[in-house]
Amino acid sequence: MLQNAGGTAGHDGWVGCLTYKSIATAAPSAADLDSLVRKARARNRKLGVTGMLLYENGSFLQTLEGLPDQLEAVWTSIKQDPRHDHIEMLSEHVAPVRLFSDWDMLLQSRLDQSPGSGPKVATRSSPEAVAGYIEALVRLALNADDIGINTAIAGLAEEGWTSNAIVTLLIEPSARALGDAWLADDCSEFDLTIGLSMLQLAGHAVRYSVTADTIRTSRYSILLATAPGEPHALGTSMLADQFTDAGWRVDMAFPDSDEALANQLGAQHPDALDIGLSDALQRYHALAKLRATVERSRLVKLDQPTVISVGGRMFAEAAATAYSVGADHARMTAAGASIRMAELVRQSRARAQSAD
Ligand SMILES: Cc1cc2nc3c(=O)[nH]c(=O)nc-3n(C[C@H](O)[C@H](O)[C@H](O)COP(=O)(O)O)c2cc1C
């Protein structure tokens, strides 16, 4: 463990912090991940870089913190590493204290268990090819061609795309493109809604399938809710698949008011709550309302504090942050959300215990 990680900071007391997600170019084995983490841990310790690395089903999510030069050195290596691609920066900022002081690298992995055997190639598609797939999916969605959508997505799954890659690289961007088509008057609200449900069903069909003995990996529970009055439920439904597969107890809510959501929260006492806005439309006007929804949810008396996450196009595109609505976390994508939330629930419980 780093001797002075918690207190180490720049001359003015600040450290650089970055978070990115990426897609593995080939599904790593347990030994591959172990070797990656061992080497990374050794180098990070030497450079005083802290953070965490999560891997699940073809996706990486990593947060790194450190002094600017050291952080830059590690980041330069990681960017060039052929073991992953489609690297997307989620946040980059300076912070007065480190978030990760107790460990230098945390690895939580759930190895790929896609049907079939042998290592799967996640994707090596160029950004141009991915843009072409999105265009094709949007065209199919606007023609209400559900068979076409299912065939296209099943074909990519056959080629070895993981369900996380399909969600992050295809389904979520297609939902945003559908929203743009509606804004540009290229389709009706009805077409948009039908298109979103078709994407939802196609995503559901290729979901990561697990065998019964790997199912109960978590004992946590989550209430997945659409924001009161939000009719688009694509993200919420993709989360339901994912959290169920990860072994969480999942309840869903489509409340029409903050009060209805608070009542369900009070009745169920979940460890976590996710509130989703549209994945297709930005809903700028809904921000203040969402903040009120989060505030109201926090007023519900519970034994343990509930970790609250929010999602939707505004958060995926970083047009809004968790902080702006008072949530604990904003998900940029549904992929990998169960791992991130499990970590936040653990941290929140540790904090509650140390405060007792
Ligand atoms: C997803 C991912 C995360 C990584 N994280 C780290 C890290 O935190 N620290 C590190 O030193 N190397 C990390 N690596 C390995 C680096 O990319 C690189 O292989 C290693 O630092 C050696 O760097 P060099 O080839 O520039 O000498 C990571 C690789 C991948 C694929």
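Just follow the structure's listing: the first ligand is 1, and inside any ligand the first atom is 1.
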Which of the numbered atoms in ligand 1 are below 4.0 angstrom from a heavy atom of [X]?
X	answer
Leu64	8 (O)
Arg43	11 (O), 20 (C), 21 (O), 22 (C), 23 (O)
Val74	7 (C), 9 (N), 10 (C)

**Asked** With sequence neighbours excluded, what pairs up with Ser174 under the side chain to side chain donor-acceptor pair (under 3.5 Å) test?
**Response** none

Counting only heavy atoms, tell me which of [options] gets closest to [atom].
atom	options	answer
atom 8 (O) of ligand 1	Arg83, His84, Gln62, Lys79	Gln62
atom 10 (C) of ligand 1	Asn44, Thr63, Asp85	Asn44
atom 2 (C) of ligand 1	Trp75, Tyr20, Phe60	Tyr20

**Message:** Looking at every non-hydrogen atom in both residues, tell me the closest pair between Ile275 and Ser297 and how far apart they are.
**Reply:** CD1-OG, 4.4 Å

**Item:** Contact (N/O only, under 3.5 Å) between Ser22 and ligand 1
**Value:** no

**Asked** Does the side chain of Arg298 come under 3.5 Å of the side chain of Thr306 through a donor N or O and an acceptor N or O?
**Response** no

**Message:** Does either side chain, that of Tyr20 or that of Gln62, offer a donor lying less than 3.5 Å from an acceptor on the other one?
**Reply:** yes

**Item:** Donor-acceptor contact below 3.5 Å, side chain Gln282 vs main chain Arg313
**Value:** no

**Expected output: side-chain Arg83 to main-chain Thr25 donor-acceptor under 3.5 Å** = no

**Request:** Between Thr76 and ligand 1, find which residue part has any heavy-atom pair under 4.0 Å and reply side chain, backbone, both or neither.
**Result:** neither

